[in-house]
Amino acid sequence: MIELQQTWMLPALIAIPFIAGLLCWLVEKVNKRLPRWIALIGMILTFALSLVLWQYGDFAGMSKQVIAPDTAVPWMAEFIVPWVPAMGISFHLAMDGMSLLMIALTGLLGIAAVACSWNEIQRRVGFFHLNLLWSLGGVIGVFLAIDMFLFFFFWEMMLVPIYFLIAIWGHDVVGGKTKEYAATKFFIYTQLSGLIMLIGILLLVLFNQAYTGVLSFNYNDLIGTPLGGWEYPIMLCFFIGFAVKLPIVPFHGWLPDAHAQAPTAGSVDLAGVLIKTAAYGLIRFVLPFFPEASQEFAPIAITLGTIGIFYGAWLAFMQTDMKRLLAYTSISHMGFVVLAIYAGTLISLQGLMIQMLAHGLSSAALFIMAGQLYERLHTRDLTLMGGMWGQFRYYAPLLMFFCAALLGIPGTGNFIGEFMILFGAFGQYPVFVVFATFSLVLAGLYSLILIHQALFGVNNTKELALHETKSHGLPTRPLKDLGKREISLLLMLAGGLVWLGLYPQPILDTSSHAMQWINNAYIYSEVSQINILQSLDAMEAR
């Protein structure tokens, strides 16, 4: 376990992206290439620091410990300083295995986001990297903050840079909405949902003050607050706040436009880590704070998730724009996340961790490849493509691998995650699991259609690239395959997926302790225990 003196690493995880982003902006006028290197070094340091913390934690030993239902939250490391003592607000950061894995994913995809935008972004390079790194710093803050005021601060703060990434460096879709429209739509959706969640946070804090006589925003103080009949409506405030960001149908309207118009790094940020903050919020806050209301709401949430699985898969099947297709696959996969969360078993929750990591890697890789294709062909219309298997030596097999990973073939982390989620949820929700399993057929269809339309058929890539280059008024260049930087980046993500698929045990060990506690807080709540005891008494009476 980490000693007290190492806890400075927690604020350092947040500070490094913020400081590096600010430096990128300041040195932009000196040298246009310097911000790229500063951003890359900043994200490498962040990722390396998460690995150091992982090395310090004795997760293999902790995974064998059985946590009693009334055990306090098992934080691996904490950092706390007073902030606004009169309001019960502190700068309180804490980490367990779940948050550590999400921070490591954020650091890795941060490196990928900087690397994939190396040649794509040519104007206002410093300001671009300021926004990219500050959004990632905000995401890390969300994963670490356990003071509810601080959590909300980071939750709102990470949205503003994303708005600028889409509005300034995004792409206008031909015959569609503008990038400014997509950015504004994203901002309005997330701000309104954030306001609803803020109402829930304030109500929870006020009820806790009425019960204890102490005003506090601290996570440890708020757990177990008796809310009576208010538990369900306050839980709904939190749920809506997280459901919009995840997104769950029908709160998903912002996602396809935001993905289609965002720059490649913005799409990597959105699909890889931003929507994972919502899943994290549901696990970290909704299940432990409102266990009875969550159990009551579970069938509704899982129904919405199952609808989302089919709805997202069907709309992905109907798309011709490569990035919109990938955006709808995210909606479909998030349905599995909802099923795993509200099933609440240890197996489904651990499967969820594998699924979130694997989906982050595979979706980020596919958005990067969509951006690489757009740089070469200046279009993402699948109906115009074909024959790239003969044209690109490296691009084509890598695209096939990541499409297969998204489909969930054995040997990749996506398969392990989906299998564990379905297996863990079957005992409680067998009907929903059967429906979710059938949806994998649709996932196979849209993956195979993407592979077939892009890679096989008539090879017209040269003519397409020439036509699109002339229509955009760009200089004609020979069609090139992936360079060393691009291949190295994709192989790094592919290696992560294969590692998750073949040897997931280190991830399961790391998340086990945290997920046991969440499982206990959700399943073995006070009311549930009373119901179990009443059932036992009734059986004895018979």
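Keep in mind the model is a prediction, meaning the values are calculated, not measured.
- In this structure, L282 and V337 have side chains that are not in contact, with every pair of non-hydrogen atoms separated by 4.5 Å or more.
- In this structure S50 satisfies the side chain to side chain donor-acceptor pair (under 3.5 Å) test with no other residue, sequence neighbours excluded.
- In this structure, the side chains of V338 and L304 stay at 4.5 Å or more apart for every pair of heavy atoms.
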Output, in order, the C-alpha distance, side-chain angles, deciding distance and verdict of ring pair (Phe, Tyr, Trp, His ring centres under 6.0 Å) for W134 and W25. CA-CA 11 Å; W134 279 32; W25 188 42; 8.5 Å; no

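- Taking CG from L34 and CG from L26, the interatomic distance works out to 11.0 Å, rounded to the nearest 0.5 Å.
- Taking both residues in full, the closest heavy atoms of A340 and L352 are given as CB-CB, 3.8 Å, listed atom of the first, atom of the second, then distance.
- Residues meeting the salt bridge (charged side-chain N to carboxylate O under 4.0 Å, His left out) test with E486, sequence neighbours left out: R376.
- Here OG of S511 is found 11.0 Å from CE of M102. Values are rounded to the nearest 0.5 Å.
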Return all side-chain donor-acceptor pairs below 3.5 angstrom for residues 91-98, not counting sequence neighbours, or 'none' if the list is empty.
{"residue": "H92", "atom": "ND1", "partner": "N218", "partner atom": "ND2", "Å": "2.9"}
{"residue": "H92", "atom": "NE2", "partner": "E78", "partner atom": "OE1", "Å": "2.7"}
{"residue": "D96", "atom": "OD1", "partner": "M98", "partner atom": "N", "Å": "3.3"}
{"residue": "D96", "atom": "OD1", "partner": "S99", "partner atom": "N", "Å": "3.1"}
{"residue": "D96", "atom": "OD1", "partner": "S99", "partner atom": "OG", "Å": "3.1"}
{"residue": "D96", "atom": "OD1", "partner": "R284", "partner atom": "NH2", "Å": "2.8"}
{"residue": "D96", "atom": "OD2", "partner": "R284", "partner atom": "NH1", "Å": "2.9"}
{"residue": "D96", "atom": "OD2", "partner": "R284", "partner atom": "NH2", "Å": "3.0"}

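- Counting heavy atoms from C-beta on, the side chains of L144 and F154 never come closer than 4.5 Å.
- Shown here are the side chain to side chain donor-acceptor pair (under 3.5 Å) partners of E156, two or more places apart in sequence or in another chain: Q191.
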Check step by step if ring pair (Phe, Tyr, Trp, His ring centres under 6.0 Å) holds for W155 and F152. CA-CA 5 Å; W155 180 263; F152 185 76; 8.3 Å; no

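- For F151 and Y219, the ring centers sit 6.0 Å or farther from each other.
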Hey, mind stepping through E180 and I166 against side chain to side chain contact (heavy atoms under 4.5 Å, CB included) and telling me if it holds? CA-CA 7 Å; E180 292 82 8; I166 299 171; over 6 Å; no

Side chain to side chain contact (heavy atoms under 4.5 Å, CB included) between Y374 and K323: does it pass, once the steps are laid out? CA-CA 10 Å; Y374 188 80; K323 283 186 80 173; over 6 Å; no

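- No donor-acceptor pair closer than 3.5 Å links the side chain of S332 to the backbone N or O of T329.
- Taking F128 as the reference, W169 meet the ring pair (Phe, Tyr, Trp, His ring centres under 6.0 Å) condition, with sequence neighbours excluded.
- The ring pair (Phe, Tyr, Trp, His ring centres under 6.0 Å) search around Y280 returns F143, not counting sequence neighbours.
- S135 meets the side chain to side chain donor-acceptor pair (under 3.5 Å) test with D269; sequence neighbours excluded.
- Counting only residues at least two apart or on different chains, no salt bridge (charged side-chain N to carboxylate O under 4.0 Å, His left out) pair has a member in residues 99-124.
- Closest non-hydrogen pair, L105 versus M356, comes out as CD2-O, 4.0 Å.
- Atom CG in L407 sits 14.5 Å away from atom CZ in F402 (nearest 0.5 Å).
- The closest side-chain heavy-atom distance from L493 to L497 is not below 4.5 Å.
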Please report, to 0.1 Å, the donor-acceptor pairs under 3.5 Å made by any side chain of residues 357-371, with sequence neighbours excluded.
{"residue": "H359", "atom": "ND1", "partner": "K276", "partner atom": "NZ", "Å": "3.0"}
{"residue": "S362", "atom": "OG", "partner": "A358", "partner atom": "O", "Å": "2.9"}
{"residue": "S362", "atom": "OG", "partner": "H359", "partner atom": "O", "Å": "3.4"}
{"residue": "S362", "atom": "OG", "partner": "N414", "partner atom": "ND2", "Å": "3.3"}
{"residue": "S363", "atom": "OG", "partner": "H359", "partner atom": "O", "Å": "2.6"}

Apply side chain to side chain contact (heavy atoms under 4.5 Å, CB included) to residues L325 and F317 and explain how you reach the verdict. CA-CA 7 Å; L325 184 154; F317 174 72; over 6 Å; no

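- Y342 contributes atom OH, which lies 10.0 Å from atom CD1 of I300 (distance to the nearest 0.5 angstrom).
- At most 12 heavy atoms of other shown residues, nucleotides or ligands fall within 6.0 angstrom of atom CH2 in W37.
- Residues I140 and P17 are in side-chain contact: their nearest non-hydrogen atoms beyond the backbone lie under 4.5 Å apart.
- Taking both residues in full, the closest heavy atoms of G408 and T412 are given as C-OG1, 4.3 Å, listed atom of the first, atom of the second, then distance.
- Scanning both residues, A279 and I341, for their nearest heavy atoms gives O-CD1, 3.9 Å.
- In terms of modelled atom types and a separation under 3.5 Å, the side chain of N131 and the main chain of F127 share a donor-acceptor contact.
- Within the 4.5 Å cutoff, the side chain of F285 has no heavy atoms near those of the L204 side chain.
- Rounding to the nearest 0.5 Å places CD1 of I302 at 10.0 Å from CD1 of I309.
- Proximity of L455 to L399: side-chain heavy atoms (C-beta onward) are separated by under 4.5 Å at one or more points.
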As a quick check of understanding, evaluate ring pair (Phe, Tyr, Trp, His ring centres under 6.0 Å) for F187 and Y163, giving each step before the final call. CA-CA 6 Å; F187 196 71; Y163 171 85; 5.6 Å; yes

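- The shortest non-hydrogen separation linking G272 to L109 is CA-CD1, 3.5 Å.
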Would F149 and W83 count as a ring pair (Phe, Tyr, Trp, His ring centres under 6.0 Å) here? Give the steps. CA-CA 10 Å; F149 183 87; W83 189 9; 5.6 Å; yes

Below 3.5 Å, can you tabulate the donor-acceptor pairs from side chains in residues 238-254 to any protein atom, sequence neighbours excluded?
{"residue": "H252", "atom": "NE2", "partner": "Y311", "partner atom": "OH", "Å": "3.3"}
{"residue": "W254", "atom": "NE1", "partner": "V244", "partner atom": "O", "Å": "2.7"}

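- Applying the salt bridge (charged side-chain N to carboxylate O under 4.0 Å, His left out) test to pairs two or more places apart or on separate chains, none has a residue in residues 10-39.
- The side chain to side chain donor-acceptor pair (under 3.5 Å) test applied to S447 returns no partner, not counting sequence neighbours.
- H259 places no side-chain N or O within donor-acceptor distance of the main-chain N or O of Y328, the cut-off being under 3.5 Å.
- Rounded to the nearest 0.5 Å, atoms CG (L10) and CG (L49) are 8.5 Å apart.
- Within the 4.5 Å cutoff, no side-chain heavy atoms of F164 are placed close to those of L130.
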Begin with the C-alpha distance, continue with both residues' side-chain angles, and end with the deciding distance and a verdict on side chain to side chain contact (heavy atoms under 4.5 Å, CB included) for I38 and L133. CA-CA 10 Å; I38 291 172; L133 265 66; over 6 Å; no

